Every structure is written in C-alpha cells, then in structure tokens.
Amino acid sequence: MNEKDFAELAAGHALGSLSPDDTEALEAARRQHPEWEHYLTADAATAAVLADAVVEVPPPPGVRAALLAQIAASEPSGEKSGPDQVPVEQTLPPRTDGRTSVPESKPANPKARRWRTRSWFALAASVALLVGVGWGAVFVSQQLNTPASVVALDQIAAASDARSATAILPDGGEATAHWSESVGKAVLVSDGLPTIADDKSFELWFVRGDEAIPAGTFSADDGSATALLTGAMQPGDVIAVTVEVAGGSPTGQPTSEPIVAIATA
Amino acid sequence: MLVCVVIDGVEVPEAGGPPIDHAGELLLRVAGGDQAAFAGLYDMLSPRAFGLILRVLVDRSQSEEVLQEVFLEVWQSAARFAPNKGQGRSWVLTIAHRRAVDRVRSAQASTDRDVRVGLRDVGVAFDGVAEEVELRIEGQRVSEALATLPAPQREAITLAYYGGYSQSEIAALVGAPLGTIKTRMRDGLSRLRVEMG
C-alpha cells in the first residue's frame with residue numbers, strides 16, 4: 001500500500017465509513033508503517049471536531065446511575081499486568097453488535113457473570129441511585145433482645161467512617177445501606193419492599209467484580225426490614241437484593257434481577 | 001439524611017481560557033480507578049456524546065444503550081488514552097462515534113437499510129447540522145468550515161460522519177465510484193483541518 005492509499009483509508013476510518021476489508025487492510029498497513037500513524041491521529045482529531053456541530057442532548061439520569069453502579073462493581077484496566085486481573089470485557093475486541101459480551105473462556109461461574117451484565121442494564125431503567133455521605137437518622141433500638149442487625153447498626157453509627165446510600169425502589173419504596181469499613185459490617189434498612197409469596201425470601205448479595213456473593217436472606221414485615229449482611233464487606237462492593245426461594249438460592253447464585261442495587265464506593 | 005452528588009468538587013469548567021485538556025486530566029485519574037473523576041467526565045461530556053449518538057442512530061433507546069457502552073469502555077480502557085496523541089475530549093467522542101456507527105451497521109444487517117431513503121438524507125443531514133450549529137460558537141466554526149468545502153466533499157463527510165453510512169453505501173447513494181468517495185473524504189478532511197486552523 002502506498003502512502004496516498006493509506007491516507008485515504010485513514011480519512012475513511014476517522015469518519016467511521018470503512019468496509020471490514022478496508023479496516024483490515026488499514027490495520028495491516030499500520031503495523032508495517034508506524035511512520036504513517038500521524039495521518040490517523042490528525043484525521044481522528046478533525047473528525048472529533050465534527051461532533052461539535054451536533055446539539056448537546058442531556059441523557060436520562062438512569063444511564064448515569066447505572067454506569068456508576070457498574071463501575072463500582074468493576075475495576076478499570078489501569079496498570080494491572082497480570083492476566084487474571086484484567087477485567088474480562090477488557091480482553092475482548094470491540095463487538096460490532098455493541099453489546100457487552102459474555103465470555104466463554106472462563107468456565108467458573110458463567111451464571112453469575114451473565115446475571116451481572118444483564119442486571120445492571122435492566123436496573124438502569126428502574127432504580128434511581130443516590131449516594132450519600134454522612135449519617136442518616138437511624139432508629140437504634142434500646143431493647144434487651146436487640147437483633148443482631150440493630151446491634152450492627154449501632155456499631156456502624158458510632159464509627160467515624162459511617163457511610164450510607166439510598167436507592168429508590170421501582171414501586172416507590174426505599175432501601176438504605178449503612179456501612180463502615182472499620183466495623184466491617186453493612187446493614188440494609190428497607191421500607192416499601194414488594195410483597196412476595198410465602199415460599200420466597202429476599203436474598204442479599206455483595207456484588208464484587210463480576211461475582212455475586214450471597215450475604216444472607218431476610219423477610220419483610222409489612223414491607224419493612226432491617227437486615228445485616230453476613231460475610232465481610234469489601235470497599236467497592238455493590239449491595240444488591242434479589243427475590244429467591246425461601247432460604248436463599250440453592251445454587252448460591254442469584255436467579256432473578258435485583259430489585260435493589262446500591263454502590264458503596 | 002445528607003444526600004450529595006458523587007462528583008463533589010470534580011466538576012471542571014469547560015469553557016474559555018487556554019486549551020487545557022480538562023477531559024484528558026480526568027481520564028488520567030479514571031485510569032487510576034478514580035470513580036469521582038469518572039462521574040465528572042461523564043457530566044462533562046455525556047450531553048455532547050449523547051447528541052452525537054442520537055444524530056447517527058436516531059432511535060432513542062438504542063442511543064441510551066450505546067451511551068452506556070461508550071462510558072463503560074471509557075472506564076475500562078482509560079489507561080490507553082495517551083495525552084501526547086490528542087485531547088481527552090476527542091478520545092471520548094471518537095469512541096462514541098465508533099460505537100454509534102457499529103450499532104448502525106449491526107442494525108443494518110437485519111434491516112438492510114434502503115439506500116433510497118438514505119438519498120433523502122443527503123440534504124437533511126447537512127441542513128439539520130447547519131441550523132443546529134448556531135447554538136454553539138465551536139459548532140459555528142465547524143459549520144463554516146464545512147460550508148467552504150466543495151459540495152461533493154461536504155456530502156461525503158456529512159453522510160459518513162452524521163449519517164453513519166459506509167463508503168460503498170455513499171458511492172451508491174451519490175452515484176460515484178468508490179475510489180472517488182475515498183478521495184473526497186481524504187481531501188475534505190484535509191481541507192477542514194486547514195479551515196479550522
């Protein structure tokens with residue numbers, strides 16, 4: 001390929017109009033002629049300026065909320081070098097159908113991964129997310145027979161690094177996660193939970209990277225519940241709730257879309 | 001309870017002054033896993049990116065999906081942004097445009113978009129741009145630069161960038177050989193660059 005042809009392909013590429021064959025030819029020529037890279041850089045910059053001729057349109061807030069929940073559950077590629085640490089999506093070439101793909105190479109927990117990639121998108125439309133810092137008004141029981149969840153809430157409230165975040169449920173209810181890294185506990189206080197059948201439970205999850213880790217089940221009293229998440233929370237976990245069979249999902253993996261997802265980062 | 005926005009002090013004014021690459025600075029922080037910087041970058045560039053995606057895709061719900069994919073890609077590959085190779089803003093908008101076009105192509109595979117419909121877009125695409133751009137100074141500069149191009153070059157660039165058409169589609173649309181379209185794009189972009197300084 002001569003330089004003129006390369007320059008033409010670079011222009012077509014910057015405008016997003018090359019055929020798949022031409023794209024391949026361009027990539028091959030790039031490897032042979034790194035000295036021509038400046039055509040691509042210059043054309044890409046010029047093409048990006050064309051974006052300024054388009055009117056700005058504020059996207060719906062749900063997209064932002066979903067993205068923040070998503071990134072809280074995954075790491076950027078960063079400088080990590082070990083192949084095990086690279087997020088799965090990162091290792092995949094851009095897909096022409098534009099969808100996040102389900103990796104086939106790692107057999108472990110395919111279900112969990114599928115759940116996650118689907119669920120955060122689904123959640124975007126229905127759950128508004130507010131991240132709060134500081135400490136909300138929490139009712140702390142003074143009873144003798146204080147449930148573990150309330151004891152934990154008390155401990156969290158007393159910690160200097162107490163944090164909380166609230167998600168609005170699709171039906172208007174509210175779920176607030178309270179946590180403290182120094183205490184190492186998290187409690188979810190919910191109000192207005194949907195009514196579920198007697199043979200179902202609400203199940204809690206820590207969503208960490210692309211894994212969902214079970215964190216106990218709870219039932220609601222007239223739509224209200226205060227539930228302590230079992231297991232240790234880690235910074236950046238997303239706290240999620242799904243509806244499962246009574247006692248929790250037998251597979252240890254969520255089987256339904258989350259009704260609550262709260263980013264803690 | 002005290003509710004506050006995640007960005008907290010990351011909001012960076014976009015306009016005026018020397019060309020500081022605010023988006024690029026945020027991208028460097030995003031590459032280090034800074035979620036607040038990511039939120040700031042999203043707030044800064046998402047309206048522009050969404051406008052661009054909508055322009056190419058038209059369909060609103062697909063555009064929302066693509067916008068989300070774009071910023072997820074930004075999060076995942078921010079480490080690949082090289083400040084010496086261009087502005088952060090261009091880097092993000094390039095991803096947005098590529099993803100929008102990818103979606104058009106994949107949608108096309110099933111619907112086989114009729115080129116005659118596209119022919120009408122030749123006029124519409126540019127006129128639409130021309131009337132909208134007055135809203136922004138930056139946009140006006142682009143619009144004026146586009147207007148200085150010979151019509152065939154402007155047409156090829158407009159159909160490709162704003163319409164999401166491939167070179168062979170454009171060749172069929174305007175009835176010119178593929179090689180001619182390629183040359184028009186090349187010459188048109190070079191000229192645009194000169195016009196915009």
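Letters A, B, ... are given to chains in the order of the sequence lines, protein chains preceding strands, and every chain is numbered from 1. Treat the numbers as computed from the prediction; the structure is a model and nothing was measured. Only heavy atoms go into these numbers, but all of them, side chains included; no hydrogens, no water, no symmetry mates.
- Summarising the geometry of A:Thr176 relative to A:Ser164, their closest heavy-atom pair is CG2-CB, 4.1 Å, with the distance given to 0.1 Å.
- With chain B as the partner, the residue from A:Thr41, A:Asp43, A:Leu18, A:Leu9 showing the most heavy-atom pairs under 4.5 Å is A:Asp43.
- Aromatic pair B:Tyr161/B:His97: centroids less than 6.0 angstrom apart.
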Q | Verdict with reasoning, B:Arg103 to B:Gln62, per side chain to side chain donor-acceptor pair (under 3.5 Å) | A | CA-CA 8 Å; B:Arg103 181 62 75 97; B:Gln62 287 205 47; 3.1 Å; yes

Q. So B:Asp59 and B:Ser61, side chain to side chain donor-acceptor pair (under 3.5 Å) or not? Walk me through it.
A. CA-CA 6 Å; B:Asp59 181 280; B:Ser61 72; 3.2 Å; yes

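- Both the backbone and the side chain of B:Leu52 come within contact range of chain A, judged by heavy atoms closer than 4.5 Å.
- Proximity to chain A (any heavy atom under 4.5 Å) is restricted, for B:Tyr42, to the side chain, taken from C-beta onward.
- The shortest heavy-atom contact between B:Gly164 and B:Arg105 is O-NH1, 2.7 Å.
- For A:Thr46, the side chain to side chain donor-acceptor pair (under 3.5 Å) partners at least two apart in sequence or on another chain are B:Arg193.
- For A:Ala10, no part lies under 4.5 angstrom from a heavy atom of chain B.
- Ranked by non-hydrogen atom pairs under 4.5 Å with chain A, the options B:Trp91, B:Phe71, B:Phe50 are led by B:Phe50.
- In terms of heavy-atom pairs under 4.5 Å with chain B, the best-connected choice from A:Ala14, A:Ser19, A:Ala45, A:Ala47 is A:Ala47.
- Neither the backbone nor the side chain of B:Val66 comes within less than 4.5 Å of any heavy atom in chain A.
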Atom pairs and distances, donor-acceptor, side-chain atoms in residues 172-189 of chain B, under 3.5 Å, two or more places apart:
residue	atom	partner	partner atom	Å
B:Lys182	NZ	A:Asp22	OD2	2.9
B:Thr183	OG1	A:Glu8	OE2	2.9
B:Thr183	OG1	B:Gly179	O	3.0

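- For A:Pro59, the parts sitting under 4.5 Å from any heavy atom of chain B are the backbone and the side chain alike.
- Both the backbone and the side chain of B:Ile157 come within contact range of chain A, with heavy atoms under 4.5 Å apart.
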